[in-house]
Amino acid sequence: MVENNAVRVRTASDAWSEVESIEDILANILSRVPVKSLIVSKSVSKLWYRLICSPNFINLQLSWSLENPTYIIYPCMDEVMNLYRMKGNGEIIEQITLPGCENLSPLSLICSYTGLICCINYPLIHDLDMDKVDMTDFEIRICNPATREVFLLPNGSPSEKKLSIGVAFGPQTSEYKVFRFFYSKLESEDIHLECEVYSSRTGSWRGIGVVEHCPMGFQHCPLGSSHVFVNGKVYWFIASEEDHDIPGSILSVDMEDNFRTFDLPDEVTEHSFLVALEGRLSLVAVYDEDEIVDIWVLDDSNEPHWERRRSDYVAFSSMECVYYVTARKNEIFFITTDHYLIYNLDHGTWTELDLEDTFERNLPVALPFIETLLPCNGLLGPPE
């Protein structure tokens with residue numbers, strides 16, 4: 001009788017191991033499925049629903065998706081906010097419309113990281129028969145284009161002048177911080193630059209206090225990202241004292257709210273962009289008169305040392321305006337007045353993408369993008 005019970009116990013244990021093994025195999029397979037299909041697949045069974053919604057699976061899907069990055073493109077001048085997911089060869093995979101963003105004033109795409117994007121828009125003020133844009137405030141949204149989720153952050157402190165922001169991600173997979181620079185007026189009528197930070201962990205803003213430097217913000221890059229997040233730090237340009245349209249140095253902040261400034265590697269132009277290239281902070285500077293682009297990579301952010309990775313002739317005319325530059329892996333995506341170009345950093349080659357008919361002259365902004373299931377509010381449960 002004891003032997004029979006032992007047999008039954010082993011059989012039940014073996015059966016449970018088989019279930020766990022099947023779930024592991026299923027998770028491995030499903031992690032490679034497009035997010036749109038995963039959302040539909042949650043209705044297949046309770047097992048599939050529990051598996052797809054689990055933090056372990058969300059992290060597994062994220063790790064797979066990181067190996068296959070694409071681009072997200074937003075034509076700023078479109079009447080409706082449509083996002084386009086694009087492969088590196090210029091093939092449009094999907095058109096995305098985010099719910100609740102249809103009637104907003106034009107949005108700016110600020111950043112993209114682990115499948116979440118940050119958008120801002122200046123609210124409209126109704127004044128008699130005219131709608132005016134309030135330039136001293138903006139609404140901040142964290143969006144997941146893959147799941148169509150949109151999360152509106154609470155309002156920050158009022159500001160006397162235009163604002164700047166930057167978004168940091170971590171330390172946990174779905175967590176993020178939003179750094180918001182604003183101008184406050186004291187009783188003495190003096191205006192001071194301050195910074196506050198929104199944490200997805202607390203769901204609220206916390207004041208840091210008066211800060212010394214203001215990022216160039218949207219005056220430098222009005223249609224899209226004005227900063228980049230790399231290896232636990234946010235980086236912005238600081239305007240040159242001689243010419244406020246040209247970067248003069250770099251401002252950074254880490255996850256502990258420690259600010260720091262450091263020098264650029266060389267004199268740059270107004271057509272300069274900070275990007276994340278091969279996991280490091282990089283500077284792309286286009287010199288119109290010489291029709292040359294310099295690509296610099298920061299070797300060590302603790303003891304800043306710049307390495308010039310490439311200096312090459314551009315594949316467009318000096319008469320063209322460089323609207324936007326972004327990067328993924330070892331390639332840099334240039335959007336100019338008349339061209340869409342991919343520059344391969346390893347081979348030093350240019351590839352032109354046929355996108356003129358798709359976006360016309362609607363001032364598109366592009367960012368690297370991956371599909372994930374991460375929630376926009378940053379509240380992902382602990383791994384099981």
Side-chain angles (χ1 to χ4, degrees), residues 71-78 84 86 88 90 106 108-112 164 215-228 235-240 243-250 264-277 281-298 306 308-345 348-369:
Y71 289 105
I72 197 89
I73 299 180
Y74 169 44
C76 297
M77 303 305 291
D78 275 3
Y84 298 83
M86 186 192 80
S108 292
L109 219 60
I110 301 305
C111 66
S112 170
S164 293
M216 289 185 72
F218 311 110
Q219 292 84 359
H220 170 67
C221 192
L223 301 175
S225 177
S226 58
H227 71 283
V228 65
Y235 297 91
W236 301 264
F237 283 130
I238 301 175
S240 167
D243 187 340
H244 289 180
D245 292 328
I246 296 177
S249 58
I250 290 178
L264 296 167
D266 201 351
E267 290 187 6
V268 298
T269 69
E270 59 184 319
H271 293 149
S272 300
F273 302 84
L274 294 175
V275 299
L277 198 57
L281 175 68
S282 301
L283 167 65
V284 179
V286 178
Y287 299 87
D288 297 332
E289 293 184 2
D290 301 322
E291 296 189 353
I292 284 176
V293 59
D294 279 353
I295 302 164
W296 299 82
V297 177
L298 191 67
W306 291 97
R308 195 197 314 255
R309 182 70 188 279
R310 281 275 185 181
S311 185
D312 208 342
Y313 288 104
V314 298
F316 46 87
S317 165
S318 61
M319 301 299 292
E320 293 183 46
C321 177
V322 181
Y323 283 143
Y324 204 77
V325 172
T326 191
R328 63 161 198 171
K329 291 191 172 180
N330 67 333
E331 66 182 31
I332 304 173
F333 186 13
F334 291 78
I335 299 176
T336 74
T337 311
D338 300 314
H339 294 92
Y340 300 84
L341 298 156
I342 297 288
Y343 181 77
N344 186 289
L345 191 63
T349 55
W350 294 89
T351 302
E352 184 172 2
L353 306 181
D354 185 15
L355 296 173
E356 285 191 32
D357 292 339
T358 305
F359 301 118
E360 297 179 345
R361 293 183 178 272
N362 287 336
L363 305 181
V365 168
L367 291 170
F369 179 73

Counting only heavy atoms not in Glu352 (residues, nucleotides, ligands), do more than 12 fall under 6.0 Å from its CD? yes
For Ile292, does its backbone N or O pair with a side-chain atom of Asp290 as donor and acceptor, under 3.5 Å? no
Nearest heavy-atom approach of Asp288 to His271 is OD2-ND1, 3.0 Å
Among Tyr313, Phe334, Tyr340, exactly one meets ring pair (Phe, Tyr, Trp, His ring centres under 6.0 Å) together with Trp350. Which residue is that? Phe334
With Leu367, which of Tyr324, Phe333, Tyr71 fulfils side-chain contact (heavy atoms from CB on, under 4.5 Å)? Tyr324
Is there a side-chain contact between Leu264 and Pro247, using heavy atoms and a 4.5 Å cut-off? yes
Answer yes or no: is there a donor N or O on one side and an acceptor on the other, between the side chain of Glu270 and the main chain of Asp245, under 3.5 Å? no
Would you say that Val228 contacts Leu281 through its side chain, given a criterion of any heavy-atom pair below 4.5 Å between the two side chains? yes
Per the side-chain contact (heavy atoms from CB on, under 4.5 Å) rule, which among Leu277, Leu345, Ile342 passes with Glu331? Ile342
Side chains of Thr337 and Met319: does their closest heavy-atom pair fall under 4.5 Å? no
Is there side-chain contact between Arg310 and Tyr343, with at least one heavy-atom pair below 4.5 Å? yes
Interatomic distance, Trp296 atom CH2 to Ser311 atom OG [nearest 0.5 angstrom]: 8.5 Å
Hey, could you give me the CG/CG distance between Leu274 and Leu298, rounded to the nearest 0.5 Å? 10.0 Å
For Asp294, enumerate each residue passing the salt bridge (Lys or Arg N to Asp or Glu O under 4.0 Å) test, keeping only those at least two apart in sequence or located in another chain. Arg308
Ignoring hydrogens, what is the shortest heavy-atom contact between Pro364 and Ile73? Give both atom names and the distance. CB-CG2, 3.8 Å
List the atom of Pro368, the atom of Arg328, and the distance in Å for their closest heavy-atom pair. CB-CB, 4.0 Å
Say whether Thr336 and Glu320, considering side chains only, have a donor N or O and an acceptor N or O under 3.5 Å apart. yes
Evaluate the side-chain proximity of Asn344 to Asn330: yes if any heavy-atom separation is below 4.5 Å, no if none is. yes
Pairwise side-chain contact, Ser272 with Leu283, heavy-atom cut-off 4.5 Å (strictly under): yes
Among Phe273, Tyr287, Phe237, which residue satisfies the side-chain contact (heavy atoms from CB on, under 4.5 Å) criterion with Val268? Tyr287
Determine the minimum heavy-atom distance between Ala366 and Ile335, stating which atoms define it. CB-CD1, 3.9 Å
For the student: nearest non-hydrogen atoms of Met216 and His244, plus distance: CE-O, 3.5 Å
Are Ser318 and Glu289 close enough that some pair of their side-chain heavy atoms sits under 4.5 Å apart? no
What I'd like to find out is whether the side chain of Val322 reaches to under 4.5 Å of the side chain of Phe316, using heavy atoms alone. yes
Heavy atoms of Val297 and Ser282 approach each other most closely as CG2-OG, 3.7 Å
Enter the distance from Ile332:CD1 to Thr326:OG1 here, rounded to the nearest 0.5 Å. 9.5 Å
